[in-house]
Amino acid sequence: MLKSLIVGLAGLGLSTLVSAAPLTEGEDYTLAPNAVEFGSQDGKVNVTEIFWYGCPHCYSLEDPLNAWVADLPENVEFDRMPATLGANWTKHAVAFYAAEQLGILDDVHEDFFDAIHQEGQQLTDPDDIAAFFSDYGVSEDDALKALDGFGVKSQVNRANAAMRNLELMGVPALVVDGRFIVSPSTAGSLENMPKIAAQLIEQVRQEEAAQE
(Lines give C-alpha, C1' and ligand atoms only; values in the text may rest on other atoms or scores of the structure.)
Protein backbone atom coordinates (compact mmCIF):
# COMPACT_ATOMS: atom_id res chain seq x y z
CA MET A 1 0.00 0.00 0.00
CA LEU A 2 2.86 2.33 0.90
CA LYS A 3 4.55 1.59 -2.41
CA SER A 4 1.34 2.39 -4.27
CA LEU A 5 1.03 5.69 -2.37
CA ILE A 6 4.62 6.66 -3.23
CA VAL A 7 4.08 5.81 -6.89
CA GLY A 8 0.84 7.81 -6.89
CA LEU A 9 2.51 10.84 -5.35
CA ALA A 10 5.38 10.61 -7.80
CA GLY A 11 2.93 10.52 -10.66
CA LEU A 12 1.07 13.51 -9.26
CA GLY A 13 4.31 15.45 -8.96
CA LEU A 14 5.24 14.70 -12.55
CA SER A 15 1.79 15.72 -13.75
CA THR A 16 2.07 19.00 -11.86
CA LEU A 17 5.50 19.70 -13.32
CA VAL A 18 4.28 18.96 -16.84
CA SER A 19 1.23 21.18 -16.51
CA ALA A 20 3.39 24.01 -15.14
CA ALA A 21 6.10 23.70 -17.76
CA PRO A 22 6.96 27.07 -19.32
CA LEU A 23 5.33 27.75 -22.67
CA THR A 24 7.42 28.30 -25.76
CA GLU A 25 6.58 30.91 -28.38
CA GLY A 26 6.24 29.34 -31.80
CA GLU A 27 5.45 25.94 -30.32
CA ASP A 28 2.67 26.33 -27.75
CA TYR A 29 1.42 29.65 -29.09
CA THR A 30 2.28 32.37 -31.59
CA LEU A 31 2.65 36.07 -30.96
CA ALA A 32 0.36 38.38 -32.92
CA PRO A 33 2.27 40.65 -35.32
CA ASN A 34 0.09 43.52 -34.12
CA ALA A 35 -1.71 43.45 -30.78
CA VAL A 36 -5.48 43.97 -30.84
CA GLU A 37 -7.54 45.67 -28.16
CA PHE A 38 -10.23 43.18 -27.16
CA GLY A 39 -12.57 43.67 -24.23
CA SER A 40 -13.50 46.72 -22.24
CA GLN A 41 -13.16 45.88 -18.55
CA ASP A 42 -10.14 47.27 -16.75
CA GLY A 43 -8.16 44.84 -14.66
CA LYS A 44 -9.35 41.76 -16.53
CA VAL A 45 -7.39 39.53 -18.86
CA ASN A 46 -9.30 39.11 -22.10
CA VAL A 47 -9.63 35.82 -23.94
CA THR A 48 -11.33 36.02 -27.34
CA GLU A 49 -12.35 33.00 -29.37
CA ILE A 50 -12.15 33.59 -33.11
CA PHE A 51 -14.37 31.19 -35.02
CA TRP A 52 -16.54 30.54 -38.05
CA TYR A 53 -19.97 28.95 -37.81
CA GLY A 54 -19.18 26.81 -40.86
CA CYS A 55 -15.97 25.40 -39.36
CA PRO A 56 -16.30 21.80 -38.09
CA HIS A 57 -13.31 22.24 -35.76
CA CYS A 58 -14.91 25.32 -34.21
CA TYR A 59 -18.08 23.30 -33.71
CA SER A 60 -16.12 20.50 -32.00
CA LEU A 61 -14.40 23.04 -29.74
CA GLU A 62 -17.69 24.38 -28.38
CA ASP A 63 -18.23 21.82 -25.61
CA PRO A 64 -14.72 21.82 -24.08
CA LEU A 65 -14.47 25.58 -24.47
CA ASN A 66 -17.84 26.25 -22.84
CA ALA A 67 -16.95 23.97 -19.93
CA TRP A 68 -13.69 25.90 -19.44
CA VAL A 69 -15.35 29.31 -19.73
CA ALA A 70 -17.93 28.36 -17.11
CA ASP A 71 -15.14 28.01 -14.54
CA LEU A 72 -13.12 31.11 -15.43
CA PRO A 73 -12.40 33.43 -12.50
CA GLU A 74 -13.94 36.87 -12.31
CA ASN A 75 -10.70 38.55 -13.37
CA VAL A 76 -10.88 36.92 -16.82
CA GLU A 77 -13.14 38.28 -19.56
CA PHE A 78 -14.25 35.96 -22.38
CA ASP A 79 -15.51 37.16 -25.77
CA ARG A 80 -16.17 35.73 -29.21
CA MET A 81 -15.33 37.25 -32.56
CA PRO A 82 -16.45 35.76 -35.89
CA ALA A 83 -13.71 35.41 -38.50
CA THR A 84 -14.10 37.08 -41.89
CA LEU A 85 -11.88 35.05 -44.19
CA GLY A 86 -14.37 34.61 -47.04
CA ALA A 87 -17.79 35.60 -48.36
CA ASN A 88 -19.77 33.03 -46.36
CA TRP A 89 -17.62 33.69 -43.31
CA THR A 90 -18.58 37.35 -43.47
CA LYS A 91 -22.28 36.50 -43.90
CA HIS A 92 -22.10 34.43 -40.74
CA ALA A 93 -20.26 37.27 -38.99
CA VAL A 94 -23.15 39.55 -39.95
CA ALA A 95 -25.57 37.01 -38.47
CA PHE A 96 -23.54 36.87 -35.24
CA TYR A 97 -23.50 40.63 -34.73
CA ALA A 98 -27.14 41.00 -35.76
CA ALA A 99 -28.14 38.39 -33.18
CA GLU A 100 -26.09 40.26 -30.60
CA GLN A 101 -27.78 43.55 -31.50
CA LEU A 102 -31.21 41.91 -31.31
CA GLY A 103 -30.43 40.53 -27.87
CA ILE A 104 -30.80 36.88 -28.86
CA LEU A 105 -27.17 35.82 -29.31
CA ASP A 106 -26.97 33.71 -26.15
CA ASP A 107 -29.99 31.70 -27.28
CA VAL A 108 -29.06 31.56 -30.96
CA HIS A 109 -25.32 30.81 -30.89
CA GLU A 110 -25.37 27.08 -30.21
CA ASP A 111 -28.50 26.48 -32.30
CA PHE A 112 -26.95 28.31 -35.26
CA PHE A 113 -23.99 25.94 -35.08
CA ASP A 114 -26.33 22.94 -34.83
CA ALA A 115 -28.42 24.05 -37.78
CA ILE A 116 -25.34 24.15 -40.00
CA HIS A 117 -23.54 21.02 -38.79
CA GLN A 118 -26.45 18.81 -37.80
CA GLU A 119 -29.20 19.89 -40.18
CA GLY A 120 -27.17 20.88 -43.22
CA GLN A 121 -28.48 24.44 -43.42
CA GLN A 122 -26.29 27.08 -45.06
CA LEU A 123 -27.73 30.15 -43.32
CA THR A 124 -25.96 32.61 -45.62
CA ASP A 125 -29.02 34.23 -47.20
CA PRO A 126 -30.46 37.16 -45.20
CA ASP A 127 -34.02 35.86 -45.62
CA ASP A 128 -33.03 32.44 -44.28
CA ILE A 129 -31.21 34.00 -41.35
CA ALA A 130 -34.16 36.27 -40.58
CA ALA A 131 -36.52 33.29 -40.67
CA PHE A 132 -34.18 31.43 -38.31
CA PHE A 133 -34.07 34.39 -35.92
CA SER A 134 -37.87 34.65 -35.92
CA ASP A 135 -38.00 31.56 -33.71
CA TYR A 136 -36.33 33.58 -30.95
CA GLY A 137 -38.92 36.29 -30.41
CA VAL A 138 -37.95 38.82 -33.09
CA SER A 139 -39.80 39.60 -36.28
CA GLU A 140 -38.26 38.83 -39.66
CA ASP A 141 -38.48 42.53 -40.53
CA ASP A 142 -36.51 43.52 -37.45
CA ALA A 143 -33.97 40.78 -38.17
CA LEU A 144 -33.50 41.97 -41.76
CA LYS A 145 -33.03 45.55 -40.57
CA ALA A 146 -30.38 44.43 -38.09
CA LEU A 147 -28.60 42.32 -40.71
CA ASP A 148 -28.36 45.33 -43.00
CA GLY A 149 -27.82 47.92 -40.28
CA PHE A 150 -24.94 50.35 -39.87
CA GLY A 151 -24.08 49.06 -36.41
CA VAL A 152 -23.58 45.49 -37.62
CA LYS A 153 -21.55 46.65 -40.61
CA SER A 154 -19.30 48.64 -38.28
CA GLN A 155 -18.70 45.60 -36.10
CA VAL A 156 -17.88 43.45 -39.12
CA ASN A 157 -15.40 46.13 -40.24
CA ARG A 158 -13.75 46.00 -36.80
CA ALA A 159 -13.54 42.22 -37.08
CA ASN A 160 -11.90 42.63 -40.49
CA ALA A 161 -9.33 44.98 -39.00
CA ALA A 162 -8.61 42.60 -36.13
CA MET A 163 -8.13 39.71 -38.56
CA ARG A 164 -5.63 41.79 -40.56
CA ASN A 165 -3.69 42.78 -37.44
CA LEU A 166 -3.55 39.23 -36.12
CA GLU A 167 -2.78 37.86 -39.60
CA LEU A 168 -4.93 34.83 -38.86
CA MET A 169 -5.32 32.38 -41.71
CA GLY A 170 -7.46 29.80 -39.95
CA VAL A 171 -9.78 29.05 -37.03
CA PRO A 172 -10.50 28.24 -34.30
CA ALA A 173 -8.11 30.42 -32.36
CA LEU A 174 -8.00 31.69 -28.80
CA VAL A 175 -6.38 35.10 -28.41
CA VAL A 176 -5.16 35.95 -24.92
CA ASP A 177 -4.59 39.59 -23.99
CA GLY A 178 -4.91 40.55 -27.66
CA ARG A 179 -1.46 39.18 -28.49
CA PHE A 180 -1.00 35.48 -27.70
CA ILE A 181 -2.64 33.19 -30.28
CA VAL A 182 -3.47 29.58 -29.46
CA SER A 183 -4.47 27.29 -32.34
CA PRO A 184 -5.17 23.54 -32.57
CA SER A 185 -1.73 23.04 -34.14
CA THR A 186 0.18 24.88 -31.42
CA ALA A 187 -1.91 23.39 -28.60
CA GLY A 188 -1.70 19.88 -30.04
CA SER A 189 -5.47 19.36 -29.96
CA LEU A 190 -8.74 21.22 -29.68
CA GLU A 191 -9.18 20.04 -26.09
CA ASN A 192 -5.76 21.36 -25.12
CA MET A 193 -6.41 24.89 -26.39
CA PRO A 194 -8.11 26.11 -23.18
CA LYS A 195 -5.28 24.61 -21.10
CA ILE A 196 -2.65 26.58 -23.01
CA ALA A 197 -4.85 29.69 -22.77
CA ALA A 198 -5.04 29.22 -18.99
CA GLN A 199 -1.25 29.17 -18.73
CA LEU A 200 -1.04 32.31 -20.87
CA ILE A 201 -3.55 34.04 -18.61
CA GLU A 202 -1.26 33.28 -15.66
CA GLN A 203 1.72 34.54 -17.66
CA VAL A 204 -0.09 37.84 -18.29
CA ARG A 205 -0.91 38.11 -14.60
CA GLN A 206 2.74 37.60 -13.68
CA GLU A 207 3.78 40.29 -16.18
CA GLU A 208 1.29 42.70 -14.65
CA ALA A 209 2.45 41.93 -11.12
CA ALA A 210 6.08 42.53 -12.11
CA GLN A 211 5.17 45.99 -13.43
CA GLU A 212 3.42 47.11 -10.24
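- Contact check for Asp177 versus Leu200: no side-chain heavy atoms found under the 4.5 Å cut-off.
- The shortest non-hydrogen separation linking Ile116 to Gly54 is CG2-CA, 4.4 Å.
- Every residue two or more places apart in sequence or in another chain that forms a side chain to side chain contact (heavy atoms under 4.5 Å, CB included) with Asp79 is listed here: Asn46, Thr48, Glu77.
- Minimum interatomic distance between Ala95 and Phe133 (heavy atoms only, all atoms of both residues): O-CZ, 3.4 Å.
- The two residues Val152 and Ala146 have their closest heavy-atom pair at CG2-O, 3.1 Å.
- Residue Gly170 comes nearest to Leu85 through the heavy atom pair N-CD1, 3.9 Å, listed as atom of the first residue, atom of the second, then distance.
- The ring pair (Phe, Tyr, Trp, His ring centres under 6.0 Å) check on Tyr59 picks up Phe113, His117, with sequence neighbours excluded.
- Under the 4.5 Å side-chain heavy-atom criterion for Ile, Leu, Val, Met, Phe, Trp and Tyr, Phe78 and Trp52 are members of distinct hydrophobic clusters.
- Leu102 CG to Tyr97 OH: the interatomic distance, rounded to the nearest 0.5 Å, is 15.0 Å.
- Side-chain atoms of Glu25 do not come within 3.5 Å of backbone N or O of Phe180 as any donor-acceptor pair.
- Atoms CG and OG, on Asp28 and Ser183 in that order, are 10.5 Å from each other to the nearest 0.5 Å.
- With a 4.5 Å cut-off on side-chain heavy atoms, Leu168 and Ile181 count as touching.
- The two residues Pro64 and Pro194 make their nearest non-hydrogen contact at O-CG, 4.5 Å.
- In this structure, the side chain of Lys91 does not engage the main chain of Asp125 through any donor-acceptor pair within 3.5 Å.
- Under a 3.5 Å cut-off, the side chain of Ser139 and the backbone N or O of Asp142 do form a donor-acceptor pair.
- Considering only heavy atoms from C-beta on, Gln199 comes within 4.5 Å of Ile196 through its side chain.
- Cluster annotation: Trp68 is connected to Tyr29 through the hydrophobic network of ILVMFWY side chains, with a link wherever side-chain heavy atoms come within less than 4.5 Å.
- Met81 and Val47 fall into different hydrophobic clusters, where Ile, Leu, Val, Met, Phe, Trp and Tyr side chains are chained together by heavy-atom contacts under 4.5 Å.
- To the nearest 0.5 Å, atom CD of residue Glu140 and atom CG of residue Asp128 are 9.5 Å apart.
- Comment: Glu208 engages Arg205 in a salt bridge, judged by a side-chain N to carboxylate O separation of less than 4.0 angstrom.
- Surrounding NZ of Lys195 are at most 12 heavy atoms belonging to other residues, nucleotides or ligands under 6.0 Å away.
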Exercise. Under the ring-ring contact (aromatic ring centres under 6.0 Å, His included) criterion, do His109 and Tyr53 qualify, and how do the steps go?
Worked result: CA-CA 9 Å; His109 182 71; Tyr53 279 120; 5.3 Å; yes
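- With hydrogens and angles left out, the side-chain atoms of Gln155 and Gln101 include no donor and acceptor closer than 3.5 Å.
- Side-chain contact check for Glu191 versus Leu61: every heavy-atom pair is 4.5 Å or farther apart.
- Other residues, nucleotides and ligands contribute more than 12 heavy atoms inside 6.0 Å of the CD atom of Gln121.
- The shortest distance between side-chain heavy atoms of Pro184 and Ser189 does not fall below 4.5 Å.
- Two different hydrophobic clusters hold Phe96 and Leu174 under the rule that ILVMFWY side chains link at heavy-atom gaps under 4.5 Å.
- Note on Lys153 versus Asp148: salt bridge recorded, some NZ/NE/NH1/NH2 to OD/OE distance being below 4.0 Å.
- Side chain of Thr30 to main chain of Gly26: no donor-acceptor pair is present (N/O by atom type, distance under 3.5 Å, no hydrogens or angles).
- Surrounding CD of Glu207 are more than 12 heavy atoms belonging to other residues, nucleotides or ligands, all under 6.0 Å away.
- Environment of CD in Gln118: crowded, with over 12 heavy atoms of neighbouring residues, nucleotides or ligands closer than 6.0 Å.
- Here the side chain of His92 pairs a donor or acceptor atom with the backbone of Gln122 at under 3.5 angstrom.
- Using a distance-only test at 3.5 Å, with no hydrogens or angles considered, a donor-acceptor pair links the side chain of Asn192 to the main chain of Ala187.
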For this session: Given side chain to side chain contact (heavy atoms under 4.5 Å, CB included), test Met193 with Leu65 step by step and report yes or no.
Result: CA-CA 8 Å; Met193 289 175 67; Leu65 181 62; over 6 Å; no
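- Judged by distance alone, the side chain of Thr186 and the main-chain N or O of Val182 form no donor-acceptor pair under 3.5 Å.
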For this session: Output, in order, the C-alpha distance, side-chain angles, deciding distance and verdict of salt bridge (Lys or Arg N to Asp or Glu O under 4.0 Å) for Arg80 and Glu62.
Result: CA-CA 11 Å; Arg80 286 185 168 94; Glu62 279 294 289; 3.6 Å; yes
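- Residues Thr90 and Val156 meet the side-chain proximity criterion, which asks for heavy atoms closer than 4.5 Å.
- Considering CG of Leu105 and CD of Glu110, their distance stands at 12.0 Å, rounded to 0.5 Å.
- Between Asp111 and Tyr136, the side chains place a donor N or O and an acceptor N or O closer than 3.5 Å (distance only, hydrogens not considered).
- Side-chain contact between Val138 and Ile104: present, with at least one pair of heavy atoms (C-beta onward) separated by less than 4.5 Å.
- For the residue pair Pro126 and Leu147, the shortest heavy atom distance occurs at O-CD1, 3.7 Å.
- A single hydrophobic cluster is seen to contain both Val45 and Val69, as judged by linkage of ILVMFWY side chains at heavy-atom distances under 4.5 Å, directly or through other members.
- The shortest side-chain heavy-atom distance between Trp89 and Thr124 does not fall under the 4.5 Å cut-off.
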